[in-house]
Amino acid sequence: MRVGVNGAAGRMGRTVCAAVVADPDLELVAAADPGGAGETVEGIEVAGELHSFADAGCDVVVDFTVAAAARDTLPWLALHGMHAVVGTTGFNDDDFALFESSFGGDDGPNAVIAANFAISAVLMMRFAEMAAPHFDTAEIIELHHDRKIDAPSGTAVTTTERIAAARDGNFAVDPTEHEVYPGARGGTGPAGVRVHSVRMRGMVAHQEVIFGATGQTLTIRQDSYDRESFMPGVVLACKQIAAVPGLARSLDPFL
Ligand code: NAD
């Protein structure tokens, strides 16, 4: 597979470039990032715009950028016949409807947009889904590094949606009548799940899902200590994307 990396000068983009170069079945042929145009990453000059991906004949483009940019990039990739492996977070329902129509054709290209490429996070979401019907209350605490600009994290949003879809009705009514500090009880997601976002220097990406019933709780915790944790999932998706038709919203179909 001939791979391009968008956002190549960013924290994740640089790690992806190194992972692609290290894999014998993948070839890094293009890199783009207006924030790092002219720089060299893993021996490839970073271009300022998307045309470099078409010029290099990419089969797949990996995108770790910002939602505002990816809204334009993804339909452009589909139009130019390139598969997309997307880790960018912060999309809304309208964005997913657009991406669904861009990548919904029978003959591809295909896309995977996964809020979290770490296998431990994929399993954490599955386990949370399994637990959801059996408890009365549920809250999520997600913890990330102090340069993350969206909240809650894409992983927390996806987890909340999957928990809500796995049960009938909302969790127990929240008892809070007054918040001394506004926002102390976090944001309310589907099924009434409260989500709390911590931004902490020194951390990478972490999440706890806490379920409660009378006299018992269950805590499911996942930690990514290093950006390397996302790379096996990204590499796997690059290799398999041609065989997973349409738009996948998680890494599950690839495992
Ligand atoms: P970062 O700020 O270090 O990098 C983002 C890069 O995108 C920057 O270099 C910026 O110049 C570039 N960019 C901005 N606009 C662009 C455009 N129009 N075209 C190309 N590049 C553009 O951020 P990061 O920590 O690398 O995170 C990037 C994204 O990945 C975020 O949305 C983050 O939430 C997400 N993320 C996802 C996972 C996952 O497993 N899915 C894991 C970690 C981070």
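Basis for what follows: all heavy atoms, side chains included, without hydrogens, waters or symmetry-related copies. All ligand and atom numbering here is 1-based and tracks the order in the structure.
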For Arg71, the side chain to side chain contact (heavy atoms under 4.5 Å, CB included) test, sequence neighbours excluded, returns Ala67, Ala68, Asn92, Asp95
*asked:* ring pair (Phe, Tyr, Trp, His ring centres under 6.0 Å) for Phe91 and Phe99? Distances and angles first, verdict last.
replied: CA-CA 10 Å; Phe91 299 125; Phe99 303 149; 5.1 Å; yes
Residue shell for ligand 1, any heavy atom closer than 4.0 Å, reads Asn6, Gly7, Ala9, Gly10, Arg11, Met12, Asp33, Pro34, Gly35, Phe64, Thr65, Ala69, Gly87, Thr88, Thr89, Ala114, Ala115, Asn116, Phe117, Lys148, Phe230
For Val66 and Ile149, the nearest pair of non-hydrogen atoms, with its separation, is CG1-CD1, 4.2 Å
| Taking 4.0 angstrom as the limit, do Glu179 and Arg185 come out as a salt bridge? | no
Taking every heavy atom of Ile220 against every heavy atom of Phe211, the minimum-distance pair comes out as CD1-CE1, 4.1 Å
Heavy-atom nearest pair, Asp226 first then Val204, reads N-CG2, 4.1 Å
